[in-house]
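A short worksheet on the structure shown next.
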There are 2 protein chains.
Amino acid sequence: MTLSIGQVAERTGLSVHTLRFYEREGLLANPVRRAAGGRRLYTEDDVGWLGVCIRLRSSGMPLPVIREYTELVRQGPGNEKERLDLLKRHREHVLEQLAELNACLEVIEHKVGIYEGRLPDC
Amino acid sequence: MTLSIGQVAERTGLSVHTLRFYEREGLLANPVRRAAGGRRLYTEDDVGWLGVCIRLRSSGMPLPVIREYTELVRQGPGNEKERLDLLKRHREHVLEQLAELNACLEVIEHKVGIYEGRLPDC
DNA sequence: GCTTGATCTAGAGTCGACTCTAACTCCTAG
DNA sequence: CTAGGAGTTAGAGTCGACTCTAGATCAAGC
């Protein structure tokens, strides 16, 4: 079973523009198949991979780094160490973001506390 | 005691360019004082406020919204409800980001687990 | 007085990540 | 057989947030 670009857009929440853009940027693990006539045919696997990309993006991984990771995957077995390194580096980055966000949350909670009159103003 | 733009840059981690840019964008609660000769003189209060701005920014608040909040603060007492609304809206946004980041972290941990051989590949 | 380094302004440039346009093709329903 | 909607490409445009440049001024040490 294959999906059109419009169906994939609906499923992933990405626009068709963005899907084509991501493809041009080399973010897809396997080249997207084409129907006679040149239209893209996506598989469920493609959608799954896009899901991973979306997660990596939304956690702040730049497109070039996602491409790098994609290329490692595309090359097949033999570079697991590099993939692991890349993921671990990103994990650190995510943990830093979580810490920073929590610090921000504290600032906000504090101010909300003040404005709700639960805390003395400073 | 006052600080030069360079000293504030050092303390906040923002560049002097960014400090001037933020001022132009209306992100400072009080207008920055000037020395004879036109140089900026920052107070500790200014640095404190910049710290808040940095936190709001790093948690994804767009500059125009920070300006909006700044303007409410600048107007003085009487608009606490609006400030509170704005902060609460942002708090929701931060909580969503935390949830999303945690979801990303799970994906990453899962993949790391696979590459470390602790999990069966899928 | 002279040099050096920080600061000033106005405005231009950059960068990442989309987002859209134009001009065309293709498929389906009526 | 034709009208409309979805798809195609190459390339241009936008947007947010900086980041830098040019050319001038200022303050401190020699």
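To find a chain, count down the sequence lines: A is the first, B the second, and so on, and within it residues start at 1. Worth saying up front: this structure is predicted, and the values here are computed from it rather than measured.
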DNA chain D nearest-nucleotide lookup for B/Met61 and B/Gly38: closer to the 5′ end is B/Met61
Check this for me, if you would: do A/Glu44 and A/Arg11 make a salt bridge, where the nitrogen-to-carboxylate-oxygen distance has to be below 4.0 angstrom?
yes
Please check if atom CZ in A/Arg33 has more than 12 non-hydrogen atoms from other residues, nucleotides or ligands closer than 6.0 Å.
no
Between A/Lys111 and A/Glu106, is there a side-chain N and carboxylate O pair less than 4.0 Å apart?
no
Are the side chain of B/Glu92 and the backbone N or O of B/Arg89 linked by a donor-acceptor pair below 3.5 Å?
no
Going by modelled atom types, is there a donor-acceptor pair between the base of D/dC26 and the side chain of B/Arg39 at under 3.5 Å?
yes
Ignoring hydrogens and geometry, is there a side-chain-to-backbone donor-acceptor pair from B/Trp49 to B/Thr70 under 3.5 Å?
no
Pair B/Asp85 + B/Lys81, salt bridge at N-O below 4.0 Å:
yes
Between B/Arg34 and B/Glu23, does at least one N-O distance fall below 4.0 Å, as a salt bridge requires?
yes
In whole angstrom, what separates A/Glu25's CD from C/dC15's P?
15 Å
Expressed in angstrom and rounded to an integer, what is the separation of A/Leu27 atom CG from C/dA17 atom C1'?
11 Å
Side chains of B/Val112 and A/Leu84: closer than 4.5 Å at any heavy-atom pair?
yes
Find the distance B/Arg24:CZ to D/dT19:C1' and express it as a whole number of Å.
10 Å
Could you check which residues of residues 3-22 of chain B get a heavy atom under 4.0 Å from DNA chain D? Sort them by number, please.
B/His17, B/Thr18, B/Phe21, B/Tyr22
So which of residues 44-60 of chain B are in contact with DNA chain D, with a heavy-atom cut-off of under 4.0 Å?
B/Arg57
Check the phosphate of C/dC26 against A/Arg34, side-chain N and O only, distance under 4.0 Å to OP1 or OP2. Yes or no?
no
